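Below: the structure, in structure tokens.
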Amino acid sequence: MSVFPKETIKNIGESLGVTNLKDEVATALAQDVEYRVHELIQEAAKFMRHSKRTKLSVDDVNAALRVKNVEVKPPKFRKTTLNSNDIYFDEDDEIDFESVLSKPLPKIPLDVTFTAHWLAIEGIQPAIPQNPTPSDAKAELLSKRSKSHTSSNGITTDQVNVKPLVKHVLSKELQMYFERITEAVLSEDERLQSQAFESLRLDPGLHQLLPYFVQHIHKKVAQNHKNLDVLEAMLSMAHSLLNNKHLFVEPYLHQLIPPIISCLVGRVICENPQQQDHWATRNRAASLIATICHQYGKAYHTLQPRITKTLLRAFLDPARPLTTQYGAIIGLDKIGPEVTRVLVAPNIKFYSENCLKSALESPNAVRVQEAERCKNALVTVLDHIAEQNCLSLAPKKSEDDMDEDDLAPSEQDKTQLIEFVGEIIGKAYLEKEVRKDRVKSLILSANQEL
Amino acid sequence: MSTPPLQNNTPGSNTDPTTQPATGASPSPADIDKMVASYLQKKGYKATEAIFIRESKGDTVSLEDVGEGAKKKENTTEKEALPPNNKITEAAAPAAEPEEKKKESSSEPGDPDAYHVTKQFMDVYKLDHLELHTPDINTLQTVTEVHHIRENELAQMYRNNKYNLRMSSVPFELIINYLQDNKFMSLLRIVNQYLNIQVVHGKLLKSAGGLEMDDVGITGHQTQQIEEFNKQAVQLGLIQLDQAFKDEVEQAIKEQEFSKKEGEGDPSTVTSENLPLLETFKKIVQESTEDGPTFGDIPLPPYRGIDISAEIEALNNINHRMTLNDGSLPSICCYTFHNTHDSLNCVTTSKDATLIAGGFAESFIKIWSLKGEKLKSLRNTINPAHVNDYNDLNRQRERHGSEYKRLVGHSGPVYGLSFSHDNKYLVSCSEDKTARLWSTQTFSNLVVYKGHNSPVWDVDFGPFGFYFATASHDRTARIWSCDHIQPLRIFAGHLSDVDTVKFHPNSKYLVTGSSDRTSRLWDVQTGACVRVFTGHTGSIKTVAVSPNGRIMASAGEDKSIILWDLGSGKRIKKMTGHTGFIYSLSFSADNNVLVSGGADSTVRVWDVNTNETSATSTTFMDTEDINEPKRFRLEQDRKRKSVLESREQLAVFPTKQTPIYDIQFTDRNLCLVAGAFTSQKVNEH
């Protein structure tokens with residue numbers, strides 16, 4: 001009969017101290033309770049609607065109770081008797097005064113304000129920000145409509161048209177080609193692998209697949225960041241794609257660069273760093289980055305600065321592992337001596353003293369080895385800078401300096417250089433480099449920088 | 001205040017004094033009756049989805065009448081040993097739905113008590129059915145003898161046919177249980193024999209659009225006979241002006257024009273014929289007040305100088321008014337309230353668009369200026385002796401003023417606000433059962449009007465100030481004058497909350513809309529209901545009367561707007577298109593255009609003058625469809641299932657998630673709408 005089972009009524013009765021409620025009584029009461037609740041909700045809804053709300057609130061129910069002449073006695077109040085008078089009191093939590101006072105003041109709620117705008121001017125709704133755009137309005141109508149459909153009959157399938165995730169459909173052939181290539185690239189068979197790269201590098205008509213390849217590279221690098229073979233293969237793949245004359249790679253660069261940089265500066269990019277030659281992979285990645293910079297740097301002038309910034313940050317952060325720093329160094333080196341002269345050379349001293357020194361002296365053989373690598377990389381950087389300097393200075397110097405060409409650098413030059421790049425790198429460089437003009441040019445550029 | 005009985009054609013028996021031994025036993029029936037009535041009425045609401053409330057009401061009440069009859073019969077059979085088939089029950093029939101009269105017809109004729117009992121029964125219950133069933137009651141009133149029943153065609157019809165009813169299961173169960181528990185066996189028999197109660201599941205009813213009343217009542221017999229009731233004469237023209245006032249206005253216009261012409265150095269051309277303002281005035285006075293109430297019919301305070309200048313200003317506005325019709329739509333200015341967090345209950349703007357007021361759930365009212373100025377109230381320390389003219393008064397204002405003024409006084413949420421025609425006063429109503437009058441000069445509370453027994457839902461200032469009307473949860477509307485703390489009239493008759501109230505522009509009538517799904521027109525002078533408008537399928541939340549006083553529009557929770565001809569009491573047309581509750585309606589000053597707004601965050605503009613197009617167009621389509629391919633018809637069905645937008649809809653202006661609470665036209669036909677911005681999330685769930 002009633003939505004309230006009579007057991008509920010009995011339970012409530014017991015909680016009020018009425019035991020042995022008869023079944024008929026409970027049923028009758030349940031029925032009455034249901035009626036009262038119905039009535040109360042109807043009354044409360046009136047208050048809600050007159051407040052132009054769509055949500056029933058506690059206040060509405062309280063107002064409905066008042067209208068029905070029902071005493072609203074909040075159940076959380078406790079009763080006590082004082083001088084034979086019943087007193088109800090609110091059970092408060094004890095509040096620590098100090099913590100309340102020291103608490104920051106709550107934000108003042110925004111005051112009610114109003115704004116005026118033209119909803120329509122002689123029947124035309126002006127296109128101003130205060131008015132919804134026609135598409136907004138339509139969307140809202142549509143959403144309402146579809147909602148009403150679901151609620152009315154629950155059958156919606158014929159009205160919902162599912163948008164396909166893929167906008168253009170690839171031909172079967174292309175799909176097969178994609179599958180084959182991605183398989184071949186990772187295959188053990190070197191011939192097959194190289195053929196795949198070759199195909200990627202030379203075949204025309206791959207444009208439709210380009211986004212998928214880029215996506216593939218991205219995915220594979222992320223998934224296999226410790227599998228050197230896969231990374232190597234992906235670099236080759238990227239290399240091939242970048243070199244394919246028929247492809248227009250620019251729109252996908254933003255997706256392609258992150259995986260390459262990951263290969264370059266990844267902390268660990270192979271399972272076993274001692275045995276596998278991850279350094280070579282890093283070198284490859286570096287040259288790939290450099291190629292991209294040179295190829296597209298002109299068209300997108302924020303490209304190179306962004307890459308160099310990323311790499312420089314990796315280089316200068318002493319907290320980074322040496323492998324990452326190595327990657328950053330060679331990356332910057334490959335991008336060009338202009339970059340290294342400005343960004344790397346002035347920081348060599350700082351770097352070698354803060355990072356390299358401790359690493360070189362550490363008892364850990366692996367660490368020493370890594371540091372050596374970094375040292376060598378930095379020496380190469382200096383080498384390249386010097387070379388560049390010589391080339392640019394060469395025409396001027398060609399006459400008067402020619403005869404001094406073979407002379408070893410003077411002691412003064414040496415100390416100056418060491419002062420500039422620090423002891424470790426300076427010495428390493430001088431061991432290798434004996435030509436005076438080069439040292440001089442380095443000092444020259446160092447002075448320029450300073 | 002109750003409606004005077006329309007029919008005096010009761011047979012001679014009504015000359016007898018009504019003291020009646022047979023009914024001596026019926027004080028308790030009367031009480032029970034009340035109980036049942038309220039009980040059943042509540043039931044009726046509960047089944048919101050179920051029945052046309054009015055219909056269910058009418059029928060439940062009739063049942064209760066029958067209940068009374070049955071009760072009486074029991075009493076009489078027991079105590080007075082009257083013949084078992086007393087006529088009393090038969091007498092119950094005419095007053096109520098006569099389904100029952102029949103059953104008692106077998107009783108012996110000539111019982112002398114019959115007259116009195118019948119008559120008393122009729123007197124008590126006639127009023128409940130007068131509005132909807134006037135002709136039937138008139139016919140049945142003549143029935144006083146058993147043999148009359150056999151001869152009376154109407155009575156025979158009720159006897160020979162079952163009266164169809166619809167109810168949802170909950171009220172049906174409650175009624176049957178009530179009858180069984182109290183052992184009203186004869187009543188139960190009547191129900192079984194003469195009623196055909198169709199128990200409908202609420203949702204089914206709604207989805208079937210089943211609120212049509214085709215199958216309610218007795219087939220072939222018109223269920224609703226309001227038309228008869230709605231034939232009472234009304235005077236819908238504007239109120240006729242005081243002759244002195246008219247003269248003074250004319251004089252003022254002439255003076256004004258003369259001085260203007262003189263300023264232009266061309267006094268010679270001035271004659272009374274070429275004064276456009278004067279002509280407009282005369283024309284208006286002539287035309288619009290033709291069938292209006294005479295001056296003095298509605299007592300008003302004597303006019304003041306300011307009224308004359310206001311009248312002239314109004315005439316000027318008429319000349320500057322934009323003409324609106326289907327080719328020229330209104331300009332709409334939207335005031336959007338922010339940061340209200342659902343606490344704004346109502347908004348209203350003053351007629352001259354200088355002030356806007358909002359009523360809040362937190363019991364206060366806020367007033368802002370619409371002119372971008374700060375509001376400056378008069379100081380408390382004002383000494384009237386020092387105030388000689390307007391400038392003196394202005395000197396007494398606050399120096400700095402404030403962005404808004406907050407009016408504190410109510411002790412419950414504020415549900416309704418209305419500015420007086422001169423914008424000097426604001427009247428508000430609240431959940432605390434009071435209405436309050438506020439001054440917009442001092443921004444303080446002037447008077448508290450207590451009288452309603454329940455929350456007051458709506459309030460409206462009269463078109464000339466001085467009077468205002470309130471609508472309340474206690475099922476009454478009341479009219480008050482500002483200088484009395486007691487109501488002047490109480491308008492009782494609605495079967496549920498009166499949700500909205502509006503003055504007729506001539507101040508002689510009041511229009512109310514109620515949760516009983518009817519709207520009524522009341523005569524302010526007599527306090528009687530003169531029109532009942534049925535046809536809505538949900539509570540009526542807003543009504544509007546056209547400025548010429550001829551047309552009324554009502555709308556509410558059934559999302560449709562119905563236009564009514566006040567003169568004939570007939571429905572002009574029903575307009576659909578809104579997808580949410582409609583909160584406000586307003587006619588343009590030239591009566592041609594109606595603007596509506598509501599919970600669906602749209603403002604819609606409707607053509608008032610095209611006749612019946614939507615109704616004919618749909619039926620037209622239906623008949624044509626037969627020849628068209630099936631698929632096309634299906635498509636059309638689908639379209640129709642979503643809200644059918646009537647052809648009268650001239651434009652829709654969606655807002656950004658701003659339900660529209662209030663719409664008002666200024667005298668120059670600028671439309672002002674106001675609403676509170678709600679972030680969508682709040683609204684969705």
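These figures come from a predicted structure and were not determined experimentally. To find a chain, count down the sequence lines: A is the first, B the second, and so on, and within it residues start at 1. The figures that follow rest on heavy atoms only: side chains count, while hydrogens, waters and symmetry mates do not.
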How close do [X] and [Y] get, counting heavy atoms only, and between which atoms?
X	Y	answer
B/H473	A/V67	CE1-CG1, 3.0 Å
B/L329	A/G123	CB-CA, 3.4 Å
A/Q125	B/P654	NE2-O, 2.9 Å

For A/K10, side chain to side chain donor-acceptor pair (under 3.5 Å) partners two or more places apart: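 By the side chain to side chain donor-acceptor pair (under 3.5 Å) rule, A/K10 matches A/D23.
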Approximate separation, where rounding is to 0.5 Å, of A/Q130 CD and B/C334 SG: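 SG of B/C334 is found 9.5 Å from CD of A/Q130.
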Distance in Å, B/S343 OG paired with A/R53 CZ, rounded so as to fall on 0.5 Å steps: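 Answer rounded to 0.5 Å: 9.5 Å.
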Residue pair B/D499 / A/H50, side-chain donor-acceptor N/O under 3.5 Å: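 Their side chains do contain a donor-acceptor pair, which is all the 3.5 Å distance test asks for.
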Residues of residues 109-120 of chain A within contact distance of chain B, non-hydrogen under 4.5 Å: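 A/L110, A/D111, A/V112, A/T113, A/F114, A/T115, A/A116, A/H117, A/W118, A/L119, A/A120 fall under the 4.5 Å cut-off.
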Quick one: what part of [X] sits under 4.5 Å from any heavy atom of chain A, side chain, backbone, both or neither?
X	answer
B/L324	neither
B/H341	neither
B/L672	neither
B/T336	both
B/V673	side chain
B/Y335	both
B/F653	both
B/Y661	both

Residue selection (most heavy-atom pairs with chain B, distance under 4.5 Å) from A/I124, A/I121, A/D59: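 Looking at each of A/I124, A/I121, A/D59 in turn, A/I121 comes out on top.
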More than 12 heavy atoms of other groups within 6.0 Å of A/E122 CD: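 No.
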Ion pair check, B/D497 and A/K46, cut-off under 4.0 Å: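 So B/D497 pairs with A/K46 through a salt bridge.
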Check: B/K656 side chain, A/P132 main-chain N or O, donor-acceptor pair, under 3.5 Å: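 No; zero donor-acceptor contacts below 3.5 Å.
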Heavy-atom side-chain proximity of B/P455 to A/F47 below 4.5 angstrom: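 In short, these two side chains touch, coming nearer than 4.5 Å.
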